[in-house]
Number of protein chains: 2
Amino acid sequence: MTTIGDVARHAGVSRSTVSYALSGKRTISAETRERIERAVAELGFTPNAGARALKTSQTMVLGLLLQFHADEFAPAMLQYVLPVSQAARAEGYDILMVTDPDGPRAIHRIGDSDMVDGFVLLDVTADDPRIPSLREVRQPGVLIGLPRDTRELDVIDLDFGEAARMLVDHLHERGHREIVLVSPPHHVVERGGSYVWRFRDAAVERAARYGLQIHAYYGESRSPVIGQSVNALLDAHPRATALVVHNDATIAALPGILRDRGVRVPDDLSVVSLYSRDFGEEFSLPFTAVESAADELGRSGVAQLVRRITRSPDAGPPVARFVAPVLRDRGSTRPIDATRSTAH
Amino acid sequence: MTTIGDVARHAGVSRSTVSYALSGKRTISAETRERIERAVAELGFTPNAGARALKTSQTMVLGLLLQFHADEFAPAMLQYVLPVSQAARAEGYDILMVTDPDGPRAIHRIGDSDMVDGFVLLDVTADDPRIPSLREVRQPGVLIGLPRDTRELDVIDLDFGEAARMLVDHLHERGHREIVLVSPPHHVVERGGSYVWRFRDAAVERAARYGLQIHAYYGESRSPVIGQSVNALLDAHPRATALVVHNDATIAALPGILRDRGVRVPDDLSVVSLYSRDFGEEFSLPFTAVESAADELGRSGVAQLVRRITRSPDAGPPVARFVAPVLRDRGSTRPIDATRSTAH
DNA sequence: CTGAAAGCGCTTACAG
DNA sequence: CTGAAAGCGCTTACAG
């Protein structure tokens, strides 16, 4: 391995001069700089990351904590991973991916041994067990997803309440009077996925305000129960003219389910949903939807974390930030003529 | 931060004694060990990973190189990531996840700066541009996927040829005389995904040997073209009694497509495929299939890489290993009565 | 504009 | 059974 000492010897300068030439923290004469650059190129020198980390107390690595739950639609998580990773690289950080089933312990292991400069927590729940560990550890962290107690924490999440209101408004404006809502599976509620009830409560409240009937259900995460469940809901509410789907597995399966049932969208049934652009493209989903902006959450979360790590004044006090949803109209809703009703 | 020096002072011993007590590389008197353990617990000491790496030249981190191709069914990659990560943890390694679009450069950046002890390359193609970088770098690597030139490389992949033969045999044994094969999209061939032609060539050859008609096509990776393409193939070969699907996106969409078409499996059409157990569960696929054993590949690849890193004599010379496929019969094929023919 | 020296926090021969 | 010392490869005050 070639070290900074080899470069220094080769260039006939001191190690500190090489270091300064590389970091640019000192003015170096053109001639010296050139000799050093040549030596670096000839010897193929790249600074040792561990030695640098030891000296500077900066690893330039971020820990990304993923959780894989059985009974959850895994592809939905993928949409966060790539944006986080790319945003990190753009800021000069690499990603240590942590899939340990025991998240709290993993945070201590990684954090206490100074393997990373900060943490990104994905899929955060209301009383996420990883949060106490995160508070105990030296490194700052950013949460993607809203916990109950956000004190002293940088948190970012989609504004799920607003998303629900936008979708209900969209249907209300088009004259819909009776709609069915499919939320994530109930076990996600039990686990504390706050996005479930934030979306659901807001949808119910908004519907009530308009005097709009809404039938709210928890959905499924696996075929064929998904199909059975959707069919049962539509059977139970034959006069409903619209379906609001806040459930990744269900929306991915919905085109097949509706075709199977002979229901055309939007002619027989209007459908609105909530998913990220990438997810929609992956499954070729043709529905009007709020874009869940996984990339924006990932990017913005990483940016805030880096500001916190570097103690940038722009970081401000720790704060929960809610990203405004954007509705993408793909024409999967139709105006309802008050005198007609649909059978699906 | 508490260092090994703090622990030593607190316990009234030397730093080397603390180090040896922690590593167990020396016998320590019961009393001393106890004092050290108490000091470690009271002060909350965890060794600094960077310092340890600097001294031992071991990072205990593995670089995992992922590639995200537009026009590829991303969920299929997920099935490798978790097994690799878990196998690594079981061996004491963490995972640095590298999603850099420029893989060759990333390998040099990470490897030359000694951030990892070895590399795992996913989704390797015939002339994978990352391989020259891997050869130049100090760290060993394991490839999951078969390149053209495997010299001096540890490679592991499913035996796709054998997988194809098993599926053709399965159909032949049940009296099928005319079948349709859907391979991955053609752009995967262009990119050098050798599993495409290894499977396809073996299937065609095996079918020929039995005098079995096989119509081989490249499939699609996105709806709605997937559906159109499958429908066109079935229209073009009305006397085909079986479909062999070697295409993740297509098999995930197939249940919907066939329902839509009014084709029952296996009554109207036999279907066999190739996918991992996790993938099948994710999409609730009911087809008889060779299990692509992503977890076995991941585990086994990591194990071999670790043997290589640690220079274990068990590592042997670098070798391409082909995992034997296992057929999982889910009853999606039926015996063909030679006198009947199907219309689908 | 450049160099000599200290030190980041460990591990491990060397010595007793 | 234990300790003092060297050294891994960097960065950065301190000094000139």
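Every chain is numbered from 1, with letters handed out A, B, ... down the list of sequences.
- The closest donor-acceptor contact from the side chain of Ser113(A) to the backbone of Arg109(A) lies under 3.5 Å.
- A donor-acceptor contact closer than 3.5 angstrom is absent between the side chains of Ser312(B) and Thr310(B).
- The two residues Glu296(A) and Arg321(A) make their nearest non-hydrogen contact at OE2-NH2, 3.4 Å.
- Applying the salt bridge (Lys or Arg N to Asp or Glu O under 4.0 Å) test to Arg277(B) and every residue at least two apart in sequence or in another chain returns Glu291(B).
- Arg148(B) has a carboxylate O that lies under 4.0 Å from a charged side-chain N of Asp127(B), or vice versa, which qualifies the two as a salt bridge.
- If you check the side chains of Gln304(A) and Asp154(A), you find a donor sitting under 3.5 Å from an acceptor.
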Between the protein and nucleotides 8-10 of chain D, list every N/O to N/O distance that falls short of 3.5 Å.
| from | atom 1 | to | atom 2 | distance (Å) |
| --- | --- | --- | --- | --- |
| dG9(D) | N2 | Ala51(A) | O | 3.4 |
| dC10(D) | OP1 | Asn48(A) | N | 3.3 |
| dC10(D) | OP2 | Ile4(A) | N | 2.7 |
| dC10(D) | O5' | Asn48(A) | N | 3.4 |
| dC10(D) | N4 | Arg15(A) | NH1 | 3.0 |
| dC10(D) | N4 | Arg15(A) | NH2 | 2.9 |

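- Using a 4.0 Å heavy-atom cutoff across all strands shown, Thr32(B) reaches sugar-phosphate atoms only and no base atom.
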Base-pairing string, 5' to 3', of DNA chain D - Watson-Crick or wobble, under 3.5 Å, | interstrand | |||.||||||||.|||
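- Between the side chains of Ser16(A) and Ser19(A), no donor-acceptor pair of N or O atoms lies under 3.5 Å.
- Looking at Tyr195(A) and Leu158(A), their side chains never come closer than 4.5 Å, going by heavy atoms from C-beta outward.
- Of the side-chain N and O atoms in Ser14(B), none sit less than 4.0 angstrom from OP1 or OP2 of dT2(D).
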